[in-house]
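See below for the structure under consideration.
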There are 2 protein chains.
Amino acid sequence: MQKQKVTIYDVAREAKVSMATVSRVVNGNTNVRQETRDRVLAVIKRLHYQPNAVAQGLASKKTTTIGLIVPDLTNLYFSELSKGIDDIAMIYKYNIILSSIENRLMREGDVIQGLLNKQVDGIIYMSNRLSKEAEEAFLRTKTPVVLAGTLDNDGHLPSVNIDYIKADTEAFELMYASGKKNIAIAVGDSEAVINKQHRLVAYRRFLEAHHLGEGHVYRNIQNYADGYNLYAQLKQEKIDGIFVTKDLPSAGIVNAASEKGTKVPEDLEIITATATDIVKVVRPKLTAVKQPLYDIGAVAMRMLTKLMGDEPLEDKKVVLPYALEKNDSTSTR
Amino acid sequence: MQKQKVTIYDVAREAKVSMATVSRVVNGNTNVRQETRDRVLAVIKRLHYQPNAVAQGLASKKTTTIGLIVPDLTNLYFSELSKGIDDIAMIYKYNIILSSIENRLMREGDVIQGLLNKQVDGIIYMSNRLSKEAEEAFLRTKTPVVLAGTLDNDGHLPSVNIDYIKADTEAFELMYASGKKNIAIAVGDSEAVINKQHRLVAYRRFLEAHHLGEGHVYRNIQNYADGYNLYAQLKQEKIDGIFVTKDLPSAGIVNAASEKGTKVPEDLEIITATATDIVKVVRPKLTAVKQPLYDIGAVAMRMLTKLMGDEPLEDKKVVLPYALEKNDSTSTR
DNA sequence: GTGAAAGCGCTAACAA
DNA sequence: TTGTTAGCGCTTTCAC
């Protein structure tokens, strides 16, 4: 490849100043006489000079780029979070390097190392499950990291979330208030920190509080078909209320129930843990925990900008409010 | 910020070779004696040396990074495309800089310039509407660009798509075969090239072929509510079949129809132009054009790798096959 | 097969 | 306020 067409050197020569002065102008340094600045600016415009961000990055050790680690962009949960992150990143002029960790083409540790090699100024990580190797890599590096809609085991890393235990408990109690006694929970990855240490804990506490016995935990319920197929089991085990962590499986359950003649919410109540577009498309409309996904992303990104600017963080663990949106898959108002 | 911990220089010193040799080893250059290579590799491992990609980029003028321009990641159409792009990019070891152009925080030209300043090796662009400033920027730069699920006005840029005219015509004819005579079309952005030069053209040709008069074009039908609200108008204008370019509005129409007592497909047939998860969640299940979104993305990325490697392209405009998935919102099988 | 040395384009002391 | 001068960490001729 050829050399860059117009460099800072060309501008300096044409404007009869030093490279340093051009650099100052480009970076908005105020220590430049207005007259000089204008002259440089004119040359920059005339030559269509554009700074080479890679060279800037090498010299300044700042790339104005962050890494975004995400499991699956086609999942609305993550894409909503990403949108919040993206908007704030744009405001602060950061670019985002997107790293998907869904397919196992690359080990998570290598993905993170790749980001670090690209000298990203910070990393935002989202995933249902924070892998061990990721957690270790994050604790080792001095590059700032923030978790969005994600929790680590010991709470060492800055993060933004809602209070899952509180939200889930409210959901269980809503179904209980309708007189349901055989309430179940269906989770995606039962080893994920949020499920293992929060949602399932809330479930057990709920069961104990009302002396409801062992309960029913369905694991690995990930997609529409999983939900659809789960229905038969729910029917057999006489489940009359279920909390589902993902939206597509919830839709599957509702549709299966409708087809097989089970009335929702009379015979079976359903609450889903994430209010996406799916919720309003299904009939009956699903009662759902409305998480402020966009805000979680936005706040996470804002936290990261502070960390990258060596500003102090008020809260390391931010907890945002949620709302339980009562729709037609539950009966108690 | 401090200097990098371990540099190529440290490795060279410890291995008692020159930086050039270390560089060769790192980049898999074969002109290194096996013995030397092993020694260098051992030192790299011992010191945990990791190359600085920014410095590599500056020296080699290759960043192994591409720019991905996307309007809205929460739109399944684009996130599916992105997934295909991401997978292939990962295989070829390219990182992706994600640039959203949905919010108008930044002009599209500036977004592209920013990517160019970061010295990306290539760009993939997706959008319903290729803006004039984007098109001009792409024609001006020597950085390779590929359009995914997107078309430019004059067809100068490499792109991957399906045959929209053929697909839409098939959809119209399917409804016509059911005896529908007042068939309409609802589009998102009617100025988008795909709509203006393909979908709407197909619609007009269909009307003419069957002497169906002027027809009905509904514009700016973007989201669930738009579709839901459109129903009243469809009813008033006695529409008995409609082709909708987006999935959420389709769901809105179906749900509104069900609520108001209009039978789908008996009284109103609906076909949507993109088969996403929404299609199978709505009842009745929507008949839809199944676009190979993942493949479009994958092929676009593969084309880009060729362009970046100065390999020739067999086809500049790739057209992938689609399938019309007949579900329950149409009656003809 | 290996090394010396000149950059890549820019920033950031330090002087002036 | 401006210029000089080292780098930043790496690749890449060109010799040997």
Side-chain angles (χ1 to χ4, degrees), chain A residues 1-41 43-44 47-65 113-114 116-121, chain B residues 1-41 43-44 47-65 113-114 116-121:
Chain A
M1 194 187 277
Q2 61 184 342
K3 282 201 258 185
Q4 188 163 312
K5 325 122 301 222
V6 184
T7 73
I8 199 172
Y9 179 79
D10 299 315
V11 176
R13 177 171 34 73
E14 292 287 311
K16 303 194 196 316
V17 294
S18 71
M19 288 162 57
T21 297
V22 179
S23 176
R24 289 188 187 101
V25 171
V26 168
N27 294 298
N29 187 316
T30 49
N31 285 341
V32 182
R33 194 161 25 116
Q34 188 58 44
E35 190 186 88
T36 314
R37 174 184 308 279
D38 291 343
R39 185 152 38 93
V40 171
L41 250 16
V43 174
I44 285 178
L47 301 186
H48 299 293
Y49 167 71
Q50 292 289 148
N52 180 325
V54 173
Q56 288 179 315
L58 183 59
S60 70
K61 304 197 154 305
K62 291 208 189 89
T63 55
T64 59
T65 301
Q113 187 59 59
L116 262 17
N117 291 353
K118 289 256 158 128
Q119 313 300 121
V120 294
D121 297 335
Chain B
M1 191 188 276
Q2 61 184 343
K3 283 201 261 185
Q4 186 163 313
K5 323 117 308 208
V6 185
T7 72
I8 200 172
Y9 179 81
D10 299 315
V11 176
R13 178 169 35 72
E14 292 286 311
K16 301 194 198 316
V17 295
S18 70
M19 288 162 59
T21 298
V22 178
S23 175
R24 290 187 186 103
V25 171
V26 167
N27 294 297
N29 186 316
T30 50
N31 286 342
V32 182
R33 199 164 16 121
Q34 188 59 44
E35 190 186 88
T36 314
R37 176 184 306 279
D38 292 342
R39 187 152 38 92
V40 172
L41 249 19
V43 174
I44 286 178
L47 300 187
H48 298 292
Y49 167 70
Q50 293 288 149
N52 179 324
V54 173
Q56 288 179 315
L58 183 59
S60 70
K61 304 194 158 302
K62 292 210 189 86
T63 55
T64 59
T65 301
Q113 189 59 58
L116 261 17
N117 291 353
K118 289 257 158 125
Q119 313 299 121
V120 295
D121 297 335

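Here the structure is a predicted model, which means the values were calculated and not measured. Chain identifiers are assigned alphabetically (A, B, ...) following the order of the sequence lines, protein sequences preceding nucleic acid strands; residue numbering begins at 1 within each chain.
- Nearest heavy-atom pair across R37(A) and N29(A) is NH2-O, 2.8 Å.
- For K5(B) and dC8(D), the NZ to P distance is 14 Å, given to the nearest whole Å.
- The base of dG3(C) sits within donor-acceptor range of the side chain of R24(B), with an N or O pair under 3.5 Å.
- Rounded to an integer number of Å, the gap from Y9(A) OH to dG3(D) P is 13 Å.
- In this structure, D10(A) atom CG and dG9(C) atom P are separated by 9 Å, rounded to whole Å.
- Closest contact between the side chain of T7(B) and the listed nucleotides dG3(C), dA12(C), dC10(D) involves dC10(D).
- Comparing atom distances between the A55(B) side chain and each of dG1(C), dC10(D), dC8(D) picks out dC10(D) as nearest.
- Protein atom CD1 of I44(A) is 13 Å distant from nucleotide atom C1' of dC10(C), rounded to whole Å.
- S60(A) has no side-chain polar atom (N or O) that falls below the 4.0 Å cut-off from OP1 or OP2 of dA12(C).
- As rounded to whole Å, 16 Å separates atom C1' of dG3(D) from atom NZ of K16(A).
- Contact check, S18(B) against dG3(C): a side-chain N or O comes under 4.0 Å of OP1 or OP2.
- Under 4.0 angstrom from either OP1 or OP2 of dT2(C) there lies no side-chain N or O belonging to N31(B).
- Nearest to the side chain of A20(A), among dT4(D), dG3(C), dG1(C), sits dT4(D).
- Between the NZ atom of K62(A) and the C1' atom of dC8(D) there is a distance of 14 Å, given to the nearest Å.
- Between the C1' atom of dT2(C) and the CD atom of E35(B) lies a distance of 13 Å, rounded to the nearest Å.
- The minimum heavy-atom distance between Y49(B) and I8(B), with the atom names listed, is CE1-N, 3.5 Å.
- In terms of heavy-atom proximity, P51(B) sits nearest to V26(B) at CG-CG1, 4.4 Å.
- In this structure, V22(A) reaches neither bases nor backbone, as no heavy-atom distance under 4.0 Å exists between it and the strands shown.
- Within the nucleic acid shown, V54(B) has no heavy atom closer than 4.0 Å to any nucleic acid atom.
- Atom NZ of K61(B) is separated from atom C1' of dC10(D) by 13 Å (rounded to the nearest Å).
- Side-chain contact check for T65(A) and K118(B): at least one donor-acceptor pair (N or O, by modelled atom type) lies under 3.5 Å.
- For M19(A), the side-chain atoms get nearest to dC10(C) when compared with the rest of dG9(D), dT2(C), dC10(C).
- No side-chain heavy atom of Q56(A) sits under 4.5 Å from any side-chain heavy atom of T64(A).
- If A59(B) and V32(B) are placed on DNA chain C by their nearest nucleotide, the residue sitting closer to the 5' end is V32(B).
- OP1 and OP2 of dC10(D) both lie 4.0 Å or more from every side-chain N or O belonging to N52(B).
- Toward the 5' end of DNA chain C, the nearer of the two residues A53(A) and Q34(B), judged by each one's closest nucleotide, is Q34(B).
- In this structure, V6(A) and H48(A) have side chains that are not in contact, with every pair of non-hydrogen atoms separated by 4.5 Å or more.
- A close approach under 4.0 Å does occur between a side-chain nitrogen or oxygen of S23(A) and OP1 or OP2 of dT11(C).
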